[in-house]
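All chains are named by letter (A, B, ...) in the order of the sequence lines, taking the proteins before the strands, and each is independently numbered beginning at 1.
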Number of protein chains: 2
Amino acid sequence: MESPKESGAVVTSPAVSSRDLPHPVRDEIRLEGVLHALSDPMRLRIVRELAAVSGELSCSHFDLPVTKSTTTHHFRVLRESGVIRQAYRGTAKMNGLRRGDLDELFPGLLDAILDAAARQAVRGG
Amino acid sequence: MESPKESGAVVTSPAVSSRDLPHPVRDEIRLEGVLHALSDPMRLRIVRELAAVSGELSCSHFDLPVTKSTTTHHFRVLRESGVIRQAYRGTAKMNGLRRGDLDELFPGLLDAILDAAARQAVRGG
DNA sequence: ACCGTACTACGATGCCTATCGTACGAGTCG
DNA sequence: CGACTCGTACGATAGGCATCGTAGTACGGT
């Protein structure tokens with residue numbers, strides 16, 4: 001498509017770079033999909049880290065015991081189920097929890113799951 | 001433990017019959033397992049009905065759009081993940097939510113999920 | 001004893017998915 | 001430009017699982 005590089009204007013922020021990723025809109029998010037996404041230990045771990053920093057993290061920040069291919073797969077599942085939002089920023093891909101959307105759709109759900117995960121971790125997870 | 005059939009006492013309740021089913025004890029219940037169990041539409045539906053009556057229901061009470069074999073499978077997944085408790089009462093198999101255990105282990109989780117499911121159903125699920 | 005009901009067990013099938021390795025595209029910096 | 005980093009795409013593989021059908025077991029009533 002059009003390259004955002006010409007036109008005299010200075011590119012002030014790296015923004016979403018060119019390629020953008022398909023996300024479900026808020027009302028397309030399904031409870032079953034969210035639960036399924038969070039029922040995988042690797043993905044639950046990712047979401048817990050994202051919730052802890054309450055900001056965005058690059059994919060490479062996570063040091064998961066799986067290959068990069070598999071990591072990509074898990075992030076895609078989380079994005080397609082509506083749990084996280086992803087955007088390119090330069091070569092990095094930033095990930096953020098869709099807290100607002102999830103809280104509007106399913107009030108208390110995310111917090112209950114995060115709390116449950118924390119308790120289980122304390123008990124020795 | 002002791003069989004309730006001897007001793008002059010009248011058998012007032014059919015009780016657990018003979019065969020009993022393996023359940024995880026409370027501390028063996030894993031969050032991932034619970035989320036996975038509830039991420040299936042059929043099983044979520046079962047759990048919603050059980051929560052609605054807040055008592056026990058026989059397997060045959062449910063009119064699911066699958067065969068009985070499949071229904072048995074779903075109930076086993078729910079039992080083995082710690083979401084429900086099952087016991088034979090005569091020829092019927094009664095099912096009840098393990099609310100107490102789940103609420104102690106993961107406070108607010110079950111309610112949040114049930115509320116989320118109800119909201120989604122209202123929105124047209 | 002017999003039958004009907006309730007549920008199970010087992011095998012088959014087809015789909016989904018978690019995982020890997022390798023090869024590639026996009027962006028940054030020298 | 002070239003090299004390097006970050007992440008993707010694709011194919012393969014192996015295991016899990018939702019579903020079915022059929023055959024079987026347990027229990028209760030007649």
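- Taking CZ from B:Phe106 and CG from B:Asp111, the interatomic distance works out to 14.5 Å, rounded to the nearest 0.5 Å.
- When A:Leu44, A:Asp40, A:Val47, A:Val34 are each tested for a side-chain contact (heavy atoms from CB on, under 4.5 Å) with A:Leu78, only one passes: A:Val47.
- With rounding to whole Å, A:Tyr88 atom OH is found 14 Å from C:dG25 atom P.
- The side chain of A:Ser60 lies closest to D:dG7, out of C:dG27, D:dG28, D:dG7.
- The CD atom of A:Glu32 sits 16 Å away from the P atom of C:dC16 (whole-angstrom rounding).
- In this structure, B:Gln86 atom CD and C:dC7 atom C1' are separated by 10 Å, rounded to whole Å.
- Separating the CG atom of A:Leu44 from the C1' atom of C:dA18 is a distance of 16 Å, rounded to the nearest angstrom.
- Under the side-chain hydrogen bond (donor to acceptor under 3.5 Å, both in side chains) criterion, A:Ser58 pairs with A:Ser60, not counting sequence neighbours.
- Rounded to an integer number of Å, the gap from B:Met94 CE to C:dT5 P is 19 Å.
- The side chain of A:Arg76 places an N or O atom within less than 4.0 Å of a non-bridging phosphate oxygen (OP1 or OP2) of D:dA9.
- One interatomic measurement links the two molecules: CG of B:Leu64 to P of C:dC7, which rounds to 12 Å at whole-angstrom precision.
- Taking B:Asp103 as the reference, nothing meets the side-chain hydrogen bond (donor to acceptor under 3.5 Å, both in side chains) condition, with sequence neighbours excluded.
- If you check the side chains of A:Thr67 and A:Thr70, you find a donor sitting under 3.5 Å from an acceptor.
- Atom-to-atom, CD of B:Glu80 to P of D:dG16 comes out at 13 Å; the value is rounded to the nearest Å.
- A salt bridge links A:Asp101 with A:Arg85; the closest basic N to acidic carboxylate O contact falls under 4.0 Å.
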Given protein heavy atoms under 4.0 Å, the one-letter contact record of nucleotides 17-22 of chain D, with B base, S sugar-phosphate only and - none, is simply SSBBBB

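- Rounded to whole Å, the distance from CZ on B:Phe62 to P on C:dA6 is 15 Å.
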